[in-house]
Amino acid sequence: MKINKERLLEMLHDLKEFTDTPGNGVTRFSFGVQDATAREYILERAVEAGCSVDIDALQNIRIGLKTNSPDKDIVMAGSHIDTVRHGGWLDGIYGVCGALEVMLTLAEYADAALAGDKSVFSLDDLKANYEMVIFSEEEGSNFGSTMTGSKFVTGFYKEEDLGKLRDDKGKTLRQRLIELPVTDEEDEDSLDVYSMDYFDSGEILWDFNEIKTMLELHIEQGPVLDSEGLSIGIVDAIYGMRVIEVTLTGVGNHAGATPMGIRYDALCTAAECVLAAEEIVKSDEDERIVATIGKLSVFPDCSNVIPQEVKFTVEVRDKDEAKINEYMDSIIERIYNIASARRVGCVINEHSKSSPLYLTKSLRNDMEKLAKDKGLAYKVMDSGAVHDACMIANFVDTGMIFVPSIDGRSHVPEENTNEKDLITGVQFLLDVVLNEMKTEV
Ligand code: GLV
Ligand code: MN
Ligand code: MN
């Protein structure tokens with residue numbers, strides 16, 4: 001069975017236009033106008049192919065391929081459609097378009113079988129049904145916590161977290177969900193792209209007994225496959241992460257009239273902390289652990305006022321949870337010491353975390369065998385980025401497929417992958433899906 005590569009590329013190119021920052025990367029945060037438009041684009045295609053659509057209160061979307069036997073286990077594929085600010089055109093949405101292309105290919109196949117085409121087998125003879133999923137707020141661009149949608153369906157986040165997660169304007173996730181636009185009832189053609197259901201803890205949790213396999217196709221976002229000239233990565237481990245939020249409070253004052261000797265500058269203190277975090281993780285012999293200070297705000301943010309308050313995040317990632325904690329704890333200690341030496345106030349809050357984990361070994365072996373059979377240039381590798389698959393892997397057999405990122409660039413407008421690799425990845429996803437649908441549970 002072959003995917004329709006023109007359709008795949010067309011969907012990807014169409015969807016990259018749904019951005020708040022045209023000409024400067026893709027900015028499509030969950031629950032914004034561009035998110036709604038992208039949802040509509042995808043749902044229209046799914047509904048046209050006769051698929052069922054289910055949207056939960058967190059706005060995760062599950063789309064089911066039509067089936068005559070709804071009680072069979074589910075083989076699921078998907079990813080996310082939200083992006084970071086000025087991000088790339090493939091992170092997340094490639095896995096969603098891939099899963100959609102697989103669904104459309106299977107739907108066409110089912111139609112041909114129904115119309116009596118003897119050259120195709122009936123999907124009803126397969127041992128599982130197929131579903132695709134779009135998780136909301138994977139990047140954490142609104143609320144600062146990655147994998148938000150998948151954290152709720154797995155129970156990692158609970159109802160009370162709706163009130164704890166806040167966006168930059170101070171609005172809680174609960175408020176943002178309540179304020180989502182309601183579909184225009186007058187317009188008969190309009191689709192419900194958001195659910196208006198009130199959050200119900202019982203309903204949001206997935207029943208993992210009905211899911212056999214979860215697959216996520218994604219760009220690698222690092223340099224390994226591209227530099228080694230390979231077209232497929234089969235993921236073994238996914239790194240964990242821990243994020244803290246630091247608030248430094250100095251004394252704001254006039255930038256011209258205050259001598260250097262009597263300043264309590266929150267930004268100079270932050271600068272020392274940033275370099276200390278870099279130095280601490282760089283001391284690691286494995287050269288694997290990473291620390292990033294990617295978000296920093298200065299108050300009052302005026303060129304002629306000594307910075308009074310600075311807030312910044314520090315995230316540390318590695319494959320070994322003990323190591324993440326050990327290095328983060330020393331960064332925290334250094335930050336307190338630096339602030340205290342400069343007599344600047346310091347408050348540190350834990351913000352979010354996820355544990356490193358290994359994806360399902362048997363599935364990884366099956367995917368490797370399939371890649372070999374298909375003659376693909378592949379390698380088994382780790383993921384430095386987190387993915388919704390991390391949350392789902394705690395419950396069901398989960399696998400991830402990577403395709404190369406040119407020059408290893410991602411989360412930036414330059415993010416790109418060759419067309420040939422994009423097509424190979426989705427064809428491989430279809431092959432793995434079919435393999436899983438044929439396998440007994
Ligand atoms: C998601 O893209 C992450 O790893 O931050
Ligand atoms: Mn992603
Ligand atoms: Mn990302």
Side-chain angles (χ1 to χ4, degrees), residues 12 15-16 19 21 25-30 34-35 38 60 77-99 132-151 156 214-225 233 235 237-245 288-295 313-319 324 351-357 359 381-393 398-405 408-417 422 425 429:
L12 282 169
L15 283 157
K16 95 174 172 215
T19 170
T21 51
V26 181
T27 303
R28 185 173 50 237
F29 287 8
S30 292
Q34 302 301 334
D35 176 59
N60 299 301
S79 191
H80 60 98
I81 60 171
D82 61 320
T83 71
V84 295
R85 187 173 284 115
H86 301 291
W89 68 297
L90 296 169
D91 180 359
I93 201 131
Y94 171 57
V96 168
C97 285
M132 64 171 278
V133 57
I134 304 171
F135 290 108
S136 61
E137 186 65 0
E138 190 272 351
E139 296 288 6
S141 299
N142 287 301
F143 304 99
S145 176
T146 52
M147 305 177 287
T148 311
S150 51
K151 280 178 178 167
F156 182 94
M214 168 71 199
L215 296 163
E216 185 166 357
L217 169 69
H218 207 280
I219 51 166
E220 181 204 325
Q221 310 185 271
V224 178
L225 295 173
V235 179
I238 300 183
Y239 282 27
M241 66 196 280
R242 178 172 158 199
V243 188
I244 58 166
E245 216 168 45
R288 196 183 58 194
I289 190 159
V290 290
T292 308
I293 290 84
K295 188 171 185 187
T313 54
V314 183
E315 56 147 87
V316 172
R317 305 197 193 202
D318 193 74
K319 196 174 166 175
I324 294 177
H351 185 268
S352 54
K353 63 172 186 175
S354 64
S355 298
L357 62 86
L359 298 180
M381 61 185 297
D382 292 338
S383 171
V386 295
H387 301 282
D388 292 304
C390 300
M391 300 314 299
I392 308 303
T398 300
M400 279 202 79
I401 302 163
F402 277 171
V403 295
S405 292
R409 305 286 313 272
S410 184
H411 279 186
V412 288
E414 292 81 2
E415 176 182 281
N416 205 0
T417 298
L422 291 172
L429 175 67

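Values below: every heavy atom of this structure, side chains too, minus hydrogens, waters and symmetry copies. Numbering of ligands and ligand atoms starts at 1, following listing order.
- Note on D91: counted as a metal contact of the Mn ion (ligand 2), an N/O/S atom lying under 2.8 Å.
- For E139, the nearest N, O or S atom to the Mn ion (ligand 3) falls under 2.8 Å.
- Within the coordination shell of the Mn ion (ligand 2), defined by N, O or S atoms under 2.8 Å, H387 is absent.
- Rounded to the nearest 0.5 Å, atoms OG (S405) and CD (E414) are 12.5 Å apart.
- Across Q34, E137, R85, a single residue satisfies side chain to side chain contact (heavy atoms under 4.5 Å, CB included) together with F29, and that is R85.
- The line from CD of E139 to CZ of R28 is 10.5 Å long, rounded to the nearest 0.5 Å.
- Residues meeting the ring pair (Phe, Tyr, Trp, His ring centres under 6.0 Å) test with Y94, sequence neighbours left out: none.
- Note that CE of M132 is 9.5 Å distant from OG of S79, once rounded to the nearest 0.5 Å.
- Because the distance cut-off is set at 2.8 Å, H80 fails to qualify as a neighbour of the Mn ion (ligand 3), as none of its N, O or S atoms comes that close.
- Atom NZ of K319 sits about 13.5 Å away from atom CD1 of I289, to the nearest 0.5 Å.
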Can you pull every nitrogen or oxygen pair between ligand 1 and the protein closer than 3.5 angstrom?
residue: ligand 1; atom: 2 (O); partner: E139; partner atom: OE1; Å: 3.0
residue: ligand 1; atom: 2 (O); partner: H411; partner atom: NE2; Å: 3.1
residue: ligand 1; atom: 4 (O); partner: R317; partner atom: NH1; Å: 2.7
residue: ligand 1; atom: 4 (O); partner: R317; partner atom: NH2; Å: 3.4
residue: ligand 1; atom: 4 (O); partner: V386; partner atom: N; Å: 2.9
residue: ligand 1; atom: 5 (O); partner: R317; partner atom: NH2; Å: 2.8

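- Atoms NE2 and OG, from H218 and S410 in turn, are 7.0 Å apart once rounded to the nearest 0.5 Å.
- Just one of I81, D82, I392, T148 meets the side chain to side chain contact (heavy atoms under 4.5 Å, CB included) condition when paired with F135; it is I392.
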